[in-house]
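Since the structure comes first, as structure tokens, the remarks are kept for the end.
Keep in mind that this is a model prediction, so the values were computed, not measured.
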Amino acid sequence: MSSVKGRSGQGPAGLPWPEISQGEPGPQYGVFGEEDFLVNQGLEAFAASPAFADNPSLNIEQFHAEDAGPSQVLESARTLPFLGRRRLIIVRGADLYKAQQLSDFIDYLTDAPPSTCLVFSGSKLDSRTKFAKTLQKVGKVHVYKKMYPNQLPPWLNQRAAERGKRLVPQAALHLAEMAGLGLGALDSELEKLSLFVGRRDEITMDDVAKVVGSGRLNTIFDLTDAVARCDLHRSLTAFEQLHALGEAPVRVVAMLQRLIRQVLEVRAVLDNGGDQRQVQQQLRIPPQATAALVARARRESSAGLSGRLARLLRADIDLKSSPGTDRVIVERLIMDLCLINNPDTLGPGGRAGAR
């Protein structure tokens with residue numbers, strides 16, 4: 001299994017498969033990793049391949065495991081290209097399938113039609129399953145590993161260079177402190193900074209202070225912390241502030257997805273007899289963030305956290321399919337994350353957020 005520690009300079013979006021950009025992808029792939037931004041970059045590299053340039057609206061299809069069962073995916077994968085030579089089928093959230101559902105793909109994997117490129121993606125691939133072993137044997141699998149803190153400034157510099165800009169060291173270090181929000185948030189801030197400096201090549205610490213600022217950053221951390229503590233009133237207040245600052249709802253949902261996935265990972269460490277020190281080592285996060293995550297994980301079951309993650313994925317789909325109702329979708333999502341199976345977040349008389 002190939003892997004990369006967060007770098008994206010070895011090929012299209014960090015994928016070690018030159019055949020993608022050359023227009024000759026194989027029939028089966030897996031792209032996994034806990035950092036959604038890197039996984040999405042990898043999937044975008046497939047969609048941009050010359051192999052699928054003919055009638056992409058007809059020959060590129062994406063499914064999400066929460067909404068599409070194996071039979072629906074396989075029916076599409078076995079369909080011949082229309083006015084083109086190849087079809088691309090992407091399955092997002094493949095790790096949400098149960099083991100029995102994944103086994104439904106095995107016959108296809110061992111006898112896949114050459115006209116279709118089927119790509120599975122998700123946060124993790126359970127190498128113990130027959131599906132994973134088969135995919136690794138007959139196809140190609142790439143796993144994006146978590147970045148260590150010292151890898152973030154070089155990654156930021158690389159992303160800035162791709163925009164024709166250069167980050168001064170202090171600016172790169174300051175942005176790296178936002179790593180808890182995910183690489184997507186960091187890249188979004190870089191995009192804003194690149195537009196702000198215009199034709200100037202260098203992005204300074206003064207630029208970061210003006211564009212990113214401490215108020216918005218603190219509000220983002222306040223939201224994720226409030227949701228981690230199941231504080232509904234504070235969570236909704238933080239989201240209202242972010243909304244007023246122009247933060248895209250889809251970015252807010254992505255941040256919350258990252259939070260719940262981290263809590264799930266903490267819960268797994270605790271269930272295996274680990275402690276806070278082991279959690280910090282595995283997640284590679286600061287001690288204060290570790291303490292909050294451990295406290296949340298101790299109040300939750302793995303089943304409850306999985307349910308919240310499924311609710312987040314549903315909200316992500318709703319945001320992309322129901323334009324104009326973004327704010328309502330996120331507000332309902334926050335209520336669900338704070339209140340479902342957490343009656344202690346309601347104060348006397350049922351008032352949300354009372355303590």
Side-chain angles (χ1 to χ4, degrees), residues 1-4 7-33 35-97 102 104-123 125 131-132 134-144 159 162 184 187 250 313 316-317 319-321:
M1 182 189 302
S2 58
S3 64
V4 60
R7 297 183 61 186
S8 59
Q10 59 176 331
L15 298 174
W17 307 314
E19 69 268 20
I20 298 173
S21 58
Q22 294 169 0
E24 295 296 336
Q28 308 111 336
Y29 292 91
V31 180
F32 294 87
E35 187 57 68
D36 291 343
F37 180 78
L38 295 178
V39 173
N40 287 333
Q41 272 197 309
L43 297 180
E44 288 169 6
F46 278 95
S49 173
F52 314 109
D54 296 331
N55 294 299
S57 61
L58 298 174
N59 291 318
I60 296 179
E61 196 166 2
Q62 299 196 44
F63 296 95
H64 197 287
E66 188 182 42
D67 291 325
S71 60
Q72 185 178 352
V73 174
L74 291 171
E75 180 181 1
S76 180
R78 292 188 172 110
T79 300
L80 292 173
F82 184 76
L83 299 178
R85 63 188 184 91
R86 298 291 303 277
R87 276 175 61 78
L88 172 64
I89 308 299
I90 294 175
V91 183
R92 295 178 179 270
D95 49 323
L96 298 179
Y97 282 133
L102 288 172
D104 292 343
F105 290 104
I106 292 176
D107 287 343
Y108 175 92
L109 291 177
T110 55
D111 188 25
S115 60
T116 295
C117 176
L118 178 59
V119 184
F120 296 93
S121 71
S123 59
L125 177 65
F131 166 80
T134 304
L135 182 60
Q136 290 168 343
K137 180 179 179 180
V138 303
K140 296 181 178 181
V141 175
H142 186 69
V143 177
Y144 291 101
R159 295 295 295 169
E162 291 173 7
D187 196 67
V250 69
L313 293 170
D316 185 56
I317 293 171
L319 284 172
K320 294 170 181 174
S321 61

Nearest heavy atoms of [X] and [Y], plus distance in Å:
X: L15; Y: A45; value: CD1-CB, 4.2 Å
X: D54; Y: G84; value: CB-CA, 3.8 Å
X: G23; Y: A51; value: O-CB, 3.4 Å
X: L80; Y: S115; value: CD2-OG, 4.2 Å

Side chains of [X] and [Y] in contact at under 4.5 Å (non-hydrogen atoms):
X: F120; Y: V31; result: no
X: R92; Y: L43; result: yes
X: V119; Y: I89; result: no
X: V73; Y: L118; result: yes
X: N59; Y: R86; result: no
X: P27; Y: P114; result: no
X: V138; Y: Q28; result: yes
X: E66; Y: I317; result: yes

>> Can you classify the ring geometry of H142 versus W17 as parallel (below 30°), tilted (30 to 60°) or perpendicular (above 60°)?
In response: perpendicular

> What's the verdict on side-chain contact (heavy atoms from CB on, under 4.5 Å) for Y97 and V91, showing C-alpha distance, side-chain angles and the deciding distance?
Replying inline: CA-CA 11 Å; Y97 282 133; V91 183; 3.9 Å; yes

> Does Y144 have its ring centroid less than 6.0 Å away from the ring centroid of F32?
Replying inline: no

> For A132, what residues pass the side-chain contact (heavy atoms from CB on, under 4.5 Å) criterion, not counting sequence neighbours?
Replying inline: L125, T129

> For D104, what residues pass the side-chain contact (heavy atoms from CB on, under 4.5 Å) criterion, not counting sequence neighbours?
Replying inline: P70, Q100

> R87 and S76: side chain to side chain donor-acceptor pair (under 3.5 Å), yes or no, with the steps?
Replying inline: CA-CA 9 Å; R87 276 175 61 78; S76 180; 2.7 Å; yes

>> Using the side-chain hydrogen bond (donor to acceptor under 3.5 Å, both in side chains) criterion, which residues pair with D316? Sequence neighbours excluded.
In response: K320

> With no hydrogens and no angle check, is any side-chain donor or acceptor of S49 less than 3.5 Å from a backbone partner on I20?
Replying inline: yes

> Looking only at atom types and distance, does a side-chain atom of S21 sit under 3.5 Å from a main-chain N or O of P18, one as donor and one as acceptor?
Replying inline: yes

Kindly list each side-chain donor-acceptor pair under 3.5 angstrom involving residues 105-112, sequence neighbours excluded, with atom names and distances?
| residue | atom | partner | partner atom | Å |
| --- | --- | --- | --- | --- |
| T110 | OG1 | I106 | O | 3.3 |
| T110 | OG1 | D107 | O | 2.9 |

> Which pairs, with at least one residue in residues 18-30 and sequence neighbours excluded, count as a salt bridge (charged side-chain N to carboxylate O under 4.0 Å, His left out)?
Replying inline: E19-K140, E24-R85

> Between CG of N40 and CD of E44, what distance do you get to the nearest 0.5 Å?
Replying inline: 6.0 Å

>> Please list all pairs meeting ring pair (Phe, Tyr, Trp, His ring centres under 6.0 Å) that have one or both residues in residues 50-89, counting only residues at least two apart or in different chains.
In response: none

